[in-house]
Asks: 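Take a look at the following structure, please.
This chain uses plain numbering: 1 for the first residue, then up along the sequence.
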Amino acid sequence: MERVRVLDGIVLAVIGGDDREIYLIPELQKLGAYIMALGLEESPIADGIECVRSFKDVLAKADGLLFPMFGTDERGLVKAKYAQQPIVLNKDVLEMIPRHIPIFIGWARPTLKLAAAKLGLTLVEVANRDEVAVLNSVPSAEGAIQMAMESTSITIHSSESFVLGFGRLGLTLARVLRGMGARVSVAARCLRDRARAEEMGARGMDFAGLDEEIGRAQIVFNTVPHKVLNREMLECMDRDAVIIDLASIPGGTDFEYARKVGIKALLAPGLPGIVAPRSAGCVLARVYPSILTEYLPSQCWHRKGGKAC
């Protein structure tokens, strides 16, 4: 059965990215989108897209700008695995972007949010939307557990595994760990979440009492984007424990102090694109059409006879 070409008439500019974009772009093309790319000239799909050399070339035709899920670093450098030269999203570039062209990005740093707001630009953070985050929690959880297995001398089965935070990723992590036979403890602020953890067979606890319990932990999976594993908490931990920090950069761990006291702590952002880029790219291909429908001006959909659905 032929797929409905819901993106007919839409010109999308994909800026940088990693292997997720290699799987995302063909799916968007099947839906009718015309793809321009900046920073994918060395990619295996370069021959099937229009590769351009500058933001000026992009902005002349694009209806929407798709930046990587990772976003940019603190300098505005865009993650671009297949680029021939660095791509920087700075103030000069932002000032070039017409207000009617929305910017789609996984995570936006505070400085980017502030700059876009001052210029009246539409900045859409994709990674934190439920339809993306819930589906991406699967490769994130699998990748985190893989990292833990490679970093410890014990099995996940029967391990004392702590999950800090019980949001979309924390819930998936706890469920997978339970399925592997781990003894799971979940730290959550909400009484409802602690009750749900108990219902799943995990041990629910409040963060207020975490310092009294974390000494039992052999593996800690942190999903909280605040410094929950600070010096005081690290002092309470077993030195043979391993921390896998899945929170957005800079994470929720005092990594410098963890190194000082000999606790292995690993920051693991962007796991879906590392451990399962095909699955992660297909997740984005599933959710982007509805997101684009929500934010692109209506005239974009009718330029070549296409229409939003």
Asks: Would L40 and V14 count as a side-chain contact (heavy atoms from CB on, under 4.5 Å) here? Give the steps.
Replies: CA-CA 8 Å; L40 286 166; V14 179; 3.9 Å; yes

Asks: Heavy-atom count around E256 CD within 6.0 Å, excluding the residue itself: above 12?
Replies: no

Asks: If you compare all heavy atoms of G273 against all heavy atoms of D18, which two are closest, and at what distance to 0.1 Å?
Replies: CA-OD2, 4.4 Å

Asks: List the steps and the verdict of side-chain contact (heavy atoms from CB on, under 4.5 Å) for L123 and L112.
Replies: CA-CA 9 Å; L123 182 67; L112 175 56; 4.1 Å; yes

Asks: Walk me through whether D245 and N222 qualify under side-chain hydrogen bond (donor to acceptor under 3.5 Å, both in side chains).
Replies: CA-CA 5 Å; D245 198 319; N222 177 55; 3.2 Å; yes

Asks: Is R286 atom CZ crowded by more than 12 heavy atoms from other residues, nucleotides or ligands, each under 6.0 Å away?
Replies: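 Count not over threshold, so no.
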
Asks: Can you give me the closest heavy-atom contact between S159 and Q218, atom names plus distance?
Replies: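 Answer, listing the atom of S159 first, then Q218: CA-OE1, 3.4 Å.
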
Asks: With a sphere of 6.0 Å drawn around CZ of R278, does it hold more than 12 non-hydrogen atoms of other residues, nucleotides or ligands?
Replies: no

Asks: Of L210, V186, I219, L177, which is the lone residue that meets side chain to side chain contact (heavy atoms under 4.5 Å, CB included) with F162?
Replies: L210

Asks: Rounded to the nearest 0.5 Å, what's the gap from CD1 on I214 to CD on E235? Could you check?
Replies: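 Rounded to the nearest 0.5 Å, the CD1-CD separation comes to 12.5 Å.
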
Asks: Determine whether I49 and I10 fall in the same hydrophobic cluster, where Ile, Leu, Val, Met, Phe, Trp and Tyr are linked whenever their side-chain heavy atoms lie under 4.5 Å apart.
Replies: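 As far as the 4.5 Å side-chain criterion goes, I10 and I49 are connected within one cluster.
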
Asks: Report the C-alpha separation of D19 and I274 in whole Å, then their side-chain angles, then the decisive distance to 0.1 Å, and conclude whether the side-chain contact (heavy atoms from CB on, under 4.5 Å) test is met.
Replies: CA-CA 8 Å; D19 288 331; I274 298 171; over 6 Å; no

Asks: Tell me the closest heavy-atom pair linking I87 and L38, and the distance in Å.
Replies: CD1-O, 3.5 Å

Asks: Taking all non-hydrogen atoms of both residues, which atom of A265 and which atom of T253 are closest, and how far apart?
Replies: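 Heavy atoms only, the tightest pair is CB-CG2, 4.2 Å.
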
Asks: First locate atom CG of L12, then atom CG of L7, and finally report the distance between them rounded to the nearest 0.5 Å.
Replies: 6.5 Å

Asks: Go through it in stages, so that I can follow the logic: the residues are E150 and Q146, the test is side-chain hydrogen bond (donor to acceptor under 3.5 Å, both in side chains), and I'd like the CA-CA distance, side-chain angles, deciding distance and then a yes or no.
Replies: CA-CA 6 Å; E150 293 172 350; Q146 178 182 337; 3.3 Å; yes

Asks: Does CZ in R239 sit with more than 12 non-hydrogen atoms of other residues, nucleotides or ligands closer than 6.0 Å?
Replies: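 Counting other residues, nucleotides and ligands, CZ of R239 exceeds 12 neighbours.
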
Asks: Supply the atom-to-atom distance E41 CD to Y82 OH, rounded to the nearest 0.5 angstrom.
Replies: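 Interatomic distance, E41 CD to Y82 OH, rounded to 0.5 Å: 12.0 Å.
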
Asks: Rounded to the nearest 0.5 Å, what separation is found between the CD1 atom of I243 and the CE atom of M237?
Replies: 4.0 Å

Asks: Show the nearest heavy-atom pair for residues L234 and I263, with the distance to one decimal.
Replies: O-CD1, 3.7 Å

Asks: Using 0.5 Å steps for rounding, measure from the CG atom of D206 to the CG atom of D193.
Replies: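 If I round to the nearest 0.5 Å, the distance is 11.0 Å.
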
Asks: Decide yes or no on side-chain contact (heavy atoms from CB on, under 4.5 Å) for F166 and T223, but give the supporting numbers first.
Replies: CA-CA 8 Å; F166 203 57; T223 69; over 6 Å; no

Asks: Taking all non-hydrogen atoms of both residues, which atom of G17 and which atom of P68 are closest, and how far apart?
Replies: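 Shortest heavy-atom separation between G17 and P68 comes out as N-CG, 3.4 Å.
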
Asks: Please indicate whether M149 has more than 12 foreign heavy atoms, meaning atoms of other residues, nucleotides or ligands, lying under 6.0 Å from its CE.
Replies: no

Asks: So with a 6.0 Å cut-off around CZ of R109, is the heavy-atom count from everything else above 12?
Replies: yes

